[in-house]
Amino acid sequence: MAFATPQRCKTEVLKFESESDVAVALAKYTADLSAKFVKDKGSFSVVLSGGSLIDTLRKLVESPYKESVDWSKWLIFWVDERVVPLDDKDSNYLLATRGFLSKVPIPPGNIYAINDKLSPEGAADNYEERLRRLVASKVIPVSSATGFPKFDLMLLGMGPDGHVASLFPTRQQRYEKKRWVTFITDSPKPPPPRITFTFPVINSAAEIAMVVTGPELANTTKAVLHPHRGSPLLPAAEVSAEEELTWFLDKDAASQL
Ligand SMILES: O=C(O)[C@H](O)[C@@H](O)[C@H](O)[C@H](O)COP(=O)(O)O
């Protein structure tokens with residue numbers, strides 16, 4: 001097993017009293033980045049995770065942000081998605097639509113759901129082809145450092161095993177270095193079929209928020225942020241951002257730090 005070194009990038013670890021305080025801070029952080037990127041480049045590309053992230057984004061669809069954010073400039077993608085129908089209970093698209101996208105006026109054409117009629121491999125290839133077209137038409141820029149697409153903000157969660165997106169410690173997809181989007185058919189976290197961004201794409205993002213709350217993630221958070229020498233590198237420890245990686249932790253998740 002390779003004990004690759006953890007990524008080094010500008011990192012801030014923010015600890016909050018409660019998950020509710022994380023939600024308040026995450027909304028301001030996201031709204032502030034939206035204002036910055038819309039001013040700087042006329043759009044704001046946001047990459048969503050599944051899991052509890054959408055619920056923790058709940059303050060963003062309330063005042064003042066509901067009124068102040070320029071939603072018309074947002075572009076929405078998924079860092080991973082289950083390969084199920086978009087109206088399936090396991091769909092990250094459905095989760096985001098119910099909890100977030102149905103509550104703000106992002107143009108539907110700016111929301112990039114997977115093609116749910118394809119196989120996992122086909123859906124990954126299709127998503128990548130669509131991203132390549134967006135890069136070719138300069139809707140999404142390319143990182144001058146890596147040559148991979150550079151999204152403005154990724155909002156990531158972390159599993160108790162240290163996975164991010166659908167890049168799991170015990171699966172090969174975490175080592176993919178060429179594809180932008182890959183697929184998995186035996187995800188340890190159900191459901192088994194998923195597509196996922198790869199680390200070259202994740203780590204080309206300008207800003208990344210790791211949103212981690214709850215006592216069940218305390219040990220993993222410690223293992224990622226304060227790794228023992230020689231301990232296996234967890235996928236979450238490989239995350240890096242080209243501008244800044246910001247951890248949003250509640251007291252429970254930060255309790256071992
Ligand atoms: O599709 C998914 O399951 C998610 O994208 C996944 O990567 C999630 O972010 C983590 O598993 C954390 O999930 P929780 O936030 O629910 O703990």
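Keep in mind that what you see is a predicted model, and the values were worked out from it rather than measured. Counting convention: from 1, in listed order, for ligands and their atoms alike. Values below: all heavy atoms of this structure, side chains included; hydrogens, waters and symmetry mates excluded.
- Closest heavy-atom approach to atom 1 (O) of ligand 1 within the set Met210, Arg82, Glu81: this belongs to Arg82.
- Heavy-atom proximity to Gly157, at under 4.0 Å, picks out these atoms of ligand 1: 9 (O).
- With 3.5 Å as the limit, one finds no donor-acceptor pair spanning the side chains of Thr11 and Trp247.
- For Met158, every heavy-atom contact with ligand 1 shorter than 4.0 Å involves the backbone, none the side chain.
- Tyr29 and Phe248 have perpendicular rings, their planes meeting at more than 60° on a 0 to 90° scale where under 30° would count as parallel.
- Here is the list of ligand 1 atoms found below 4.0 Å of a heavy atom in Ala165: 6 (C), 7 (O).
- Counting only heavy atoms of the protein, atom 15 (O) of ligand 1 lies nearest to Ser52 OG, 2.6 Å.
- Cluster membership for Val139 and Ile106, using ILVMFWY side-chain heavy atoms within less than 4.5 angstrom, is shared.
- Between Lys189 and ligand 1, an N or O atom pair is found at a separation short of 3.5 Å.
- With 3.5 Å as the limit, one finds a donor-acceptor pair spanning the side chains of Ser166 and Asp80.
- Close contacts between ligand 1 and His163 involve ligand atoms 6 (C), 7 (O), 10 (C), 11 (O) [criterion: under 4.0 Å to a heavy atom].
- Ring planes of Tyr127 and Phe77: perpendicular class, angle over 60° (limits at 30 and 60°).
- With no hydrogens or angles considered, a side-chain donor-acceptor pair links Lys41 and Ser43 at under 3.5 Å.
- Contacts between Asn92 and ligand 1 below 4.0 angstrom, taking non-hydrogen atoms only, involve the side chain exclusively.
- Using a 4.0 Å cut-off between a side-chain N of Lys or Arg and a carboxylate O of Asp or Glu, Arg132 and Glu128 qualify as a salt bridge.
- Considering backbone and side-chain atoms together, Gly50 places an N or O closer than 3.5 Å to an N or O of ligand 1.
- Annotation for ligand 1: atoms under 4.0 Å from non-hydrogen atoms of Asp80 are 1 (O), 2 (C), 4 (C), 5 (O), 7 (O).
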